[in-house]
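This report concerns only the one structure given below.
All values reported here derive from a predicted model rather than from experimental measurement.
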Amino acid sequence: MIILISGTSCDSYNKKLDGISFSIGWVNLPELTNVCYDYPDGLSVGILENRITDVYWNEQYILAKRCAYDNDSIIGYYIVTILPEDVNRVPWKMWIKSELLSEEEYEQAKKELGLNEQEMKHTNIFKRRFLWW
């Protein structure tokens, strides 16, 4: 029983997003994938949570897509503005107060900000999974 429990718990994944102080990863379940801000002292705080899949970024913005828990369908989008690091405040700002954006809102915001996913760095954590549910 102990071998079974120790062999199935505490699985994790963490990938630093090149060029910025953020990472994407999960502990125990890929379905709990988060985008985190990585503090210089090694601590991290989740800023986008619950099954984040595609993440695009540059030095100013992070774009992320969130999937449903039971399938690959996209249920919403996030846009995060990366702020200059300052010890007196958090170095990010959510576009529209951390709410999920609809596809239309997301496309409009990208257009307003002049963002093109094809010109940004990209990772998709679920393409690396062997099994799905």
Side-chain angles (χ1 to χ4, degrees):
M1 178 81 142
I2 293 172
I3 293 171
L4 179 63
I5 292 171
S6 65
T8 61
S9 64
C10 240
D11 191 13
S12 67
Y13 173 83
N14 189 344
K15 174 183 169 59
K16 172 128 177 59
L17 301 179
D18 297 332
I20 59 176
S21 297
F22 293 83
S23 60
I24 184 171
W26 48 268
V27 175
N28 291 334
L29 294 171
E31 288 73 24
L32 301 177
T33 303
N34 299 317
V35 173
C36 298
Y37 172 71
D38 301 322
Y39 286 98
D41 63 5
L43 296 176
S44 293
V45 61
I47 63 166
L48 304 177
E49 302 176 335
N50 298 320
R51 200 136 191 269
I52 302 301
T53 176
D54 284 294
V55 177
Y56 300 85
W57 73 96
N58 61 24
E59 295 76 27
Q60 296 178 307
Y61 295 97
I62 298 171
L63 310 177
K65 299 176 183 180
R66 182 173 167 192
C67 282
Y69 283 106
D70 56 352
N71 60 52
D72 290 339
S73 65
I74 303 295
I75 61 170
Y77 304 82
Y78 293 105
I79 297 178
V80 177
T81 302
I82 300 172
L83 303 173
E85 292 189 13
D86 182 338
V87 295
N88 297 317
R89 63 176 164 76
V90 295
W92 69 87
K93 180 175 97 175
M94 300 299 293
W95 187 264
I96 309 185
K97 300 182 181 167
S98 78
E99 296 176 16
L100 280 171
L101 300 171
S102 68
E103 184 174 8
E104 296 79 26
E105 292 169 322
Y106 178 70
E107 292 300 327
Q108 181 61 34
K110 285 191 318 181
K111 189 175 186 179
E112 289 175 18
L113 297 169
L115 297 174
N116 181 342
E117 292 172 350
Q118 294 174 344
E119 297 172 353
M120 301 174 84
K121 296 175 186 171
H122 173 250
T123 190
N124 180 316
I125 195 166
F126 291 109
K127 285 184 180 177
R128 293 171 177 77
R129 291 210 40 216
F130 177 69
L131 296 174
W132 186 256
W133 287 93

ask   = Are T33 and I24 side-chain neighbours, meaning at least one heavy-atom pair lies under 4.5 Å?
value =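 Heavy-atom side-chain distance check passes, below 4.5 Å.
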
inquiry  = I'd like to check V55 versus L48 (side-chain heavy atoms, cut-off strictly below 4.5 Å). Are they in contact?
reply    =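 Sidechains of L48 and V55: no contact.
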
Polar side chain donor-acceptor pair, S21 to D38, under 3.5 angstrom = no

inquiry  = For a quick check under 3.5 Å, do E104 and Q108 share a side-chain donor-acceptor pair by atom type?
reply    = no

Compare every heavy atom of [Y] with every heavy atom of [X], then report the nearest pair and how far apart it is.
X    : Y    : result
S44  : C36  : CB-CB, 4.1 Å
A109 : I79  : CB-CD1, 3.5 Å
Y61  : I82  : N-CD1, 4.0 Å
L100 : I75  : CD1-O, 4.2 Å
N116 : Q118 : OD1-N, 2.9 Å
K121 : D18  : NZ-O, 3.3 Å

Derivation and outcome, side-chain contact (heavy atoms from CB on, under 4.5 Å), residues I74 and C67 = CA-CA 4 Å; I74 303 295; C67 282; 4.0 Å; yes

key: Residues that E49 engages under side chain to side chain contact (heavy atoms under 4.5 Å, CB included), provided they are two or more places apart   = N34

request  = Taking side chain to side chain contact (heavy atoms under 4.5 Å, CB included) as the test, write out the residues that go with E117, two or more places apart.
outcome  = Y56, L63, K65, Y106, K110

ask   = Between R66 (side chain) and Y78 (backbone), is there a donor-acceptor pair under 3.5 Å?
value =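 No, the answer is negative, given that no donor and acceptor are paired below the 3.5 Å cut-off.
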
Distance, nearest 0.5 Å, that separates [atom1] of [X] from [atom2] of [Y]:
X    : Y    : atom1 : atom2 : result
L115 : K111 : CG    : NZ    : 13.5 Å
Y37  : I20  : OH    : CD1   : 10.5 Å
Y77  : E107 : OH    : CD    : 7.0 Å
M120 : E59  : CE    : CD    : 9.0 Å

inquiry  = The test is side-chain contact (heavy atoms from CB on, under 4.5 Å); show your working for T81 and L113 and say whether it passes.
reply    = CA-CA 10 Å; T81 302; L113 297 169; 5.8 Å; no

task = Tell me, with the steps shown, if D72 and T53 meet side-chain contact (heavy atoms from CB on, under 4.5 Å).
result = CA-CA 9 Å; D72 290 339; T53 176; over 6 Å; no

